[in-house]
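Here the structure comes first, spelled out in structure tokens, and everything after it is commentary.
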Protein chains: 2
Amino acid sequence: MAATLRDVARHAQVSLRTVNNVVSGYQHVSEQMRRKVQAAMEELDYRPNPVARTLRTGRSGVLALVVPEIDVPYFAELAREVINAADEVGYRVIVDQTGHDHDRERQLLTGADRSLLFDGLLFSPLVTPSELRAMQDGPAVPLVLLGEHDFDGRYDHVAIDNERAAYDAVQHLIGLGRERIAAIGVQPQETYTTPQQRTAGFRRAMTEAGLAVREPYLRAAAHYRRAAGYAAARDLLALPQPPDAIFCYADLLAMGAVRAVFDAGLSVPDDVAVIGIDDIDEGRYSRPTLSTVSLDTPHIAREAVKRVADRIDEPGQPALQITASHTVIARESTGGEVPIIHS
Amino acid sequence: MAATLRDVARHAQVSLRTVNNVVSGYQHVSEQMRRKVQAAMEELDYRPNPVARTLRTGRSGVLALVVPEIDVPYFAELAREVINAADEVGYRVIVDQTGHDHDRERQLLTGADRSLLFDGLLFSPLVTPSELRAMQDGPAVPLVLLGEHDFDGRYDHVAIDNERAAYDAVQHLIGLGRERIAAIGVQPQETYTTPQQRTAGFRRAMTEAGLAVREPYLRAAAHYRRAAGYAAARDLLALPQPPDAIFCYADLLAMGAVRAVFDAGLSVPDDVAVIGIDDIDEGRYSRPTLSTVSLDTPHIAREAVKRVADRIDEPGQPALQITASHTVIARESTGGEVPIIHS
DNA sequence: TTCTAGTTTGCACACGTAGGCAAAGCGATG
DNA sequence: CATCGCTTTGCCTACGTGTGCAAACTAGAA
């Protein structure tokens, strides 16, 4: 079916080796021969077989991006940026979702899942650091963690300072004069480091401001989707003393929370101020527009891709911890300026 | 590094052929031998090399899903469902975005992009049918089109009846007593069949109801994102006689349009009713919740995966046109019932 | 013992590309 | 004519798996 090197060689009436010389850009090839071979390649519509090439070279030129759920907007935006960043350095990207399946995550990390092949792995995990730590042999492939801190420093990672981001968000709420501040997104067993760090930042901001952290105000979320944010906020508003501000660990939770406040007959931000994290596009058009902590996702994507590409080329490097910057953006949901939406 | 069949054979002190017999599930293998070999495989942590296997068998067990932009919620939700559907029939999925790049689309279709390998292609294209038609040789790999009709019937496709969906949506607006109905998402050159069909449905609904189609009410959208919907709606509201209803060719356009109406100091749905297409999760929590045409994406994904899997197994089959059902869902943006959001 | 069925092995080739090495061909220069 | 440098070729091995074929071995039955 598809033409091979051999077919091209036959068609151009040259040796297989010469065709290979042309394809691989060998120096000592006459211009004349180069043209002749290339003409033959075009006529036969030759394209190198990537599988054979990968088998031979051990390099596929493919990175894998693994996220829990691809239809969570932040992950989708991350995927977009990673694909773009990878394109710039000559890598293709395949996107996979684990669907909150810990086994699937473990498979990918240990290389147990070899049904796909890639040279490096960008991993936005749910798997707990303890599980990462338990992996004796290390990952089967160059690995960069996204948005997750590995305390042992055994793996590369790119993330914001989650504790500080949460601190800044809560301080913004405190600056509005709010005192009964709740949080949505706390993880029940606190196994995931990201929520853990955000809870720490929340507590620190409250404590430093001399405000009480009321345990009923710390709400779990099974997943970081609108439905969970809605349910958690609804429960918060049903408390004897409902909060006057809610800090959500993800914008998507915040979108659900805002709707719940509205459905309870209350106003955002007048009755309840709401702020999230992620700065997804949705929050720039919603009513009210959503205050949030912005992450500079393109930067994160570029750094992560660069890092994994480096590690592919030089496997022995020590793990690097890259911290990306973050910015609190005040929009309508905390009474901030109405942003001008560009045409 | 990684153990091969040969390593396992050596370790178990059996022949390579026997190990292969175990791996490939050959009938005449004694239980004793099977256990012995499997023990050796576990000890060496053997995993078959997918690249070598693919090279040998010509099958990778991977489907490619190609969408214009992965961070457009509908495509992300589609990707989620496709991944799930593929998982059920034993395929893995790689997701790629073309970024509105026609060349990239052509590359994928003609097989010019062989940097990735897959057995079948699920393609949600921007490429015009005329370009598809111009492809003499057909696609390089089994292909199913998503959400796009190929009039020649040369390729499989799975889509809703776009003309009818638009017709139903507009009829819903007409049923509310609206008469000045605008549309956002018309394609300037009408090269893409999906918008073309939706415009046709829009016109038919208007004509049948005896309403005039005012050309200034047909607004283009460079892309189907919030920003384009916002800009188009803002322009519509600046007309001497602004519309009292807007039909958007995508929910994301509608989200932008709703915000524009609000920013103009008007109300949705009182002053302007808005309806979209896609039924993305965002529209179930937005203020107002968004009326839309729902697509049964899981069904579409399953059908598409099934179809491409069939075609991989039996390449010669005639092209099939699968039409998925759609439903108009009336929510707040057209004055519909406030949906109960489940906890 | 001999036949038969089941089991294991060795061998060889294939998939398509990569690339080391030596040799041969070619033209030009000294 | 000899030497040199550039170009082209042939040959061989490798990547790891899949599989057809024939042969050898084992064990049980006739």
Side-chain angles (χ1 to χ4, degrees), chain A residues 1-41 44-62 111 113-119 140-141, chain B residues 1-41 44-62 111 113-119 140-141:
Chain A
M1 203 67 226
T4 72
L5 278 183
R6 221 184 312 274
D7 298 329
V8 175
R10 235 193 317 262
H11 192 258
Q13 296 182 325
V14 296
S15 77
L16 193 159
R17 193 65 175 85
T18 301
V19 178
N20 184 352
N21 282 342
V22 172
V23 173
S24 63
Y26 183 64
Q27 282 195 351
H28 303 299
V29 180
S30 68
E31 192 52 39
Q32 182 184 351
M33 179 61 81
R34 191 180 304 278
R35 271 201 298 270
K36 181 175 167 188
V37 171
Q38 274 166 349
M41 293 198 300
L44 295 183
D45 194 29
Y46 168 77
R47 273 181 286 277
N49 181 326
V51 179
R53 183 172 273 182
T54 301
L55 179 61
R56 181 60 232 257
T57 62
R59 289 280 186 91
S60 63
V62 174
D113 184 345
R114 289 249 242 128
S115 66
L116 289 177
L117 194 110
F118 34 82
D119 299 334
V141 76
Chain B
M1 204 67 228
T4 70
L5 278 182
R6 221 184 312 274
D7 298 330
V8 175
R10 236 194 317 263
H11 192 257
Q13 295 182 325
V14 296
S15 77
L16 194 157
R17 193 66 174 85
T18 301
V19 177
N20 185 347
N21 281 342
V22 172
V23 173
S24 62
Y26 182 63
Q27 282 196 350
H28 303 299
V29 179
S30 68
E31 192 54 39
Q32 182 185 350
M33 178 61 82
R34 192 182 303 278
R35 270 200 299 271
K36 182 175 167 190
V37 170
Q38 274 166 349
M41 293 198 300
L44 295 184
D45 194 28
Y46 169 77
R47 274 182 284 279
N49 181 326
V51 179
R53 184 172 272 183
T54 300
L55 178 61
R56 180 62 234 253
T57 62
R59 288 279 187 92
S60 63
V62 174
D113 185 345
R114 288 248 242 129
S115 66
L116 290 175
L117 195 111
F118 34 82
D119 299 335
V141 75

(message) Please tell me if B/S15 has a side-chain N or O lying less than 4.0 Å from either OP1 or OP2 of C/dT9.
(response) yes

(message) What is the distance, to the nearest angstrom, from the CG atom on B/L16 to the P atom on C/dA12?
(response) 14 Å

(request) Identify the heavy atoms of B/H11 and B/A40 that sit nearest to each other, and give their distance. (result) ND1-CB, 3.8 Å

(message) Measuring from the side chain of A/T4 (C-beta onward, heavy atoms only), which nucleotide among C/dT8, D/dG16, C/dT17 has the closest atom?
(response) C/dT17

(request) Please report, rounded to the nearest Å, how far the P atom of C/dG19 is from the CG atom of A/N20. (result) 7 Å

(message) Under 4.0 Å, counting only non-hydrogen atoms across every strand here, what does B/L5 touch: a base, just sugar-phosphate, or nothing?
(response) sugar-phosphate

(request) Among the candidates C/dT7, D/dC15, D/dT8, find the nucleotide nearest to the side-chain atoms of B/S30. (result) C/dT7

(request) Walk me through it: do A/R53 and A/V23 pass the test side chain to side chain contact (heavy atoms under 4.5 Å, CB included)? (result) CA-CA 12 Å; A/R53 183 172 273 182; A/V23 173; 3.6 Å; yes

(message) What is the separation between atom CE on A/M33 and atom P on C/dG25, rounded to the nearest whole Å?
(response) 15 Å

(request) With A/R10 as reference, evaluate A/D7, A/V14, A/V8 under the side-chain contact (heavy atoms from CB on, under 4.5 Å) test and give the passing residue. (result) A/D7

(message) How many whole angstroms separate atom NE2 of A/H28 from atom P of C/dG27?
(response) 18 Å

(request) Return the 5'-most residue of the pair B/L55, A/R53 with respect to DNA chain C, ranking by each residue's nearest nucleotide. (result) B/L55

(request) Say whether A/R17 and A/N21, considering side chains only, have a donor N or O and an acceptor N or O under 3.5 Å apart. (result) yes

(request) State whether B/T57 places a side-chain N or O below 4.0 Å from either non-bridging phosphate oxygen (OP1 or OP2) of C/dC15. (result) no

(request) Could you check B/R56 against A/Y46 and say which one's nearest nucleotide on DNA chain C is further toward the 5' end? (result) B/R56

(request) Check the distance between D/dG16's P and B/L44's CG and give it to me in whole angstrom. (result) 14 Å

(request) Give one of base, sugar-phosphate or nothing for A/R17, where a contact means two heavy atoms less than 4.0 Å apart. (result) base

(message) According to side-chain contact (heavy atoms from CB on, under 4.5 Å), who are the partners of A/Q32, at least two apart in sequence or on a separate chain?
(response) A/S30

(request) Could you tell me the separation between the CZ atom of B/R6 and the P atom of D/dG18, rounded to a whole number of Å? (result) 13 Å

(request) Could you tell me the separation between the CG atom of A/N21 and the P atom of C/dA22, rounded to a whole number of Å? (result) 16 Å

(request) Figure out the CZ/P separation between B/R59 and D/dT19, and round it to whole Å. (result) 12 Å

